Amino acid sequence: MKKILVLHTGGTIAMKEDSITGGVSPDVVNPLMAAEIAIPQEVELFVEDIFNVPSPHIMPEHMLRLKNRILKAIAQKFSGIVITHGTDTLEETAFFLDTTIGHLIPIVLTGAMRSSNELGSDGLYNFESAIRVASCPEARDKGVLVVMNDEIHSARYVTKTHTTNVATFRTPTLGPIGIVTKQRILFMQELLETEHLDTNLVEGLIPIVKAYAGMHGDLIETLAKSPLDGLVIEALGAGNLPPDTLPAIRLLIEKNVPVVLVSRCFNGIAEPVYEYEGGGKELQDLGIIFCNSINSQKARLKLLIATNNQLSTDRLIHFMQS
Ligand code: ASP
């Protein structure tokens, strides 16, 4: 028998819609606990309600608890993990686990866009698909996976793209790495390994700032007055910033605060290409670290993991770019 550990954390998948007010909130008993689903014959499920919170309440400390539970489960010889999670921050928990745990047993996150008693509720279906993927041998060594709406995405690049549509999870630029069909689990591509780094601390102040036309340096200047451990900037296009922001960024870099840049574009990666004032080349010369191909919320977690490991500047740059 294959032992699969299910960790419920909350989210819409564990919620109900009120028939009078239409409001959606957590149910007294997680509806997934009593759910009747078809699980593969060779699978034995072990279920734990590790916590029950909407995912905007998820903190890095919750991610740490999940990671520690998974490491224990690996030692207990579980062959796969399924985590149910609110979709709002699902990609962040998935990314944190992918970065800290690495490519071991299948770890699959899933959620729902419609609560358990709504018409067309997708929770049970996604839950069943996630169990099928977590128990399939091909899902090993693929890193942490997100299974929603018949698609398998890698935690590294997947992101929530729609407020309500059940097809909300997408992987910009690359697409899903596999699909779930009625009979099979099919993987169509594989990611290259990146560097994994574990942590048991998630402390530090690392905000995200988004660039826009007409941006001045005042917001970054204000941030520079607080005890920042790092800053992530969602820059324009291929990785450029309005020139007025540069003096404040210089201030941060002089204080040895790591400043990491990603693009605010949905597709593609940030690169130091442009040579005009505020262009990527100048930003790189200033000491800004270009973190290619992940979005700002993931870059923030990566920087949090790096700073809590107290990496040297060279190691930190290498890790952020890997
Ligand atoms: N707001 C909900 C949450 O993230 C959305 C969901 O689960 O789909 O907890």
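The structure presented is a predicted model; accordingly, all values stated were derived computationally and were not measured.
- Hydrophobic cluster membership is shared by Ile317 and Leu301, with clusters built from Ile, Leu, Val, Met, Phe, Trp and Tyr side chains linked at under 4.5 angstrom.
- Other residues, nucleotides and ligands contribute over 12 non-hydrogen atoms within 6.0 Å of the CD atom of Glu42.
- A salt bridge does not link Glu138 with Arg184: none of the charged nitrogens is closer than 4.0 Å to a carboxylate oxygen.
- Glu234 has no carboxylate O lying under 4.0 Å from a charged side-chain N of Arg264, or vice versa, which leaves the two without a salt bridge.
- Considering only heavy atoms from C-beta on, Met148 stays 4.5 Å or farther from Lys160 through its side chain.
- Two residues are said to be in side-chain contact when any heavy atoms from C-beta on lie closer than 4.5 Å; Val262 and Asn295 fail this criterion.
- Judged purely by atom type and a 3.5 angstrom limit, Ser121 has no side-chain atom pairing as donor or acceptor with the backbone of Glu118.
- One distance of note links CG of Leu251 with NZ of Lys225; it measures 9.0 Å at 0.5 Å rounding.
- The backbone N or O of Glu203 lies less than 3.5 Å from a partner atom in the side chain of Asn308, making a donor-acceptor pair.
- Annotation: the span from Ile39 atom CD1 to Ile4 atom CD1 amounts to 9.0 Å, rounded to 0.5 Å.
- Taking CG of Asp88 as the start and CD1 of Ile58 as the end, the distance is 10.5 Å to the nearest 0.5 Å.
- Applying the 6.0 Å contact sphere to CD of Gln76 captures more than 12 heavy atoms from other residues, nucleotides or ligands.
- Linking Ile, Leu, Val, Met, Phe, Trp and Tyr whenever their side-chain heavy atoms come within less than 4.5 Å leaves Leu201 and Met320 in two separate clusters.
- A salt bridge does not link Arg156 with Glu190: none of the charged nitrogens is closer than 4.0 Å to a carboxylate oxygen.
- Note that CG of Leu246 is 9.5 Å distant from CD1 of Ile253, once rounded to the nearest 0.5 Å.
- Side-chain atoms of Ser55 come within 3.5 Å of backbone atoms of Thr89 as a donor-acceptor pair (strictly under, hydrogens ignored).
- From His57, atom NE2 reaches atom NE2 of His62 across 9.5 Å, with rounding to the nearest 0.5 Å.
- For residues 89-115, no pair satisfies salt bridge (Lys or Arg N to Asp or Glu O under 4.0 Å), with sequence neighbours left out.
- The distance between the ring centers of Phe127 and His8 falls below 6.0 angstrom.
- Hydrophobic clustering, with ILVMFWY side chains joined whenever heavy atoms are under 4.5 angstrom apart, keeps Leu45 apart from Ile105.
- Placement of Phe169 and Tyr157 within a single hydrophobic cluster is found when ILVMFWY residues are connected by side-chain heavy-atom separations under 4.5 Å, directly or transitively.
- Within 6.0 Å of the OH atom in Tyr274, the count of heavy atoms belonging to other residues, nucleotides or ligands does not exceed 12.
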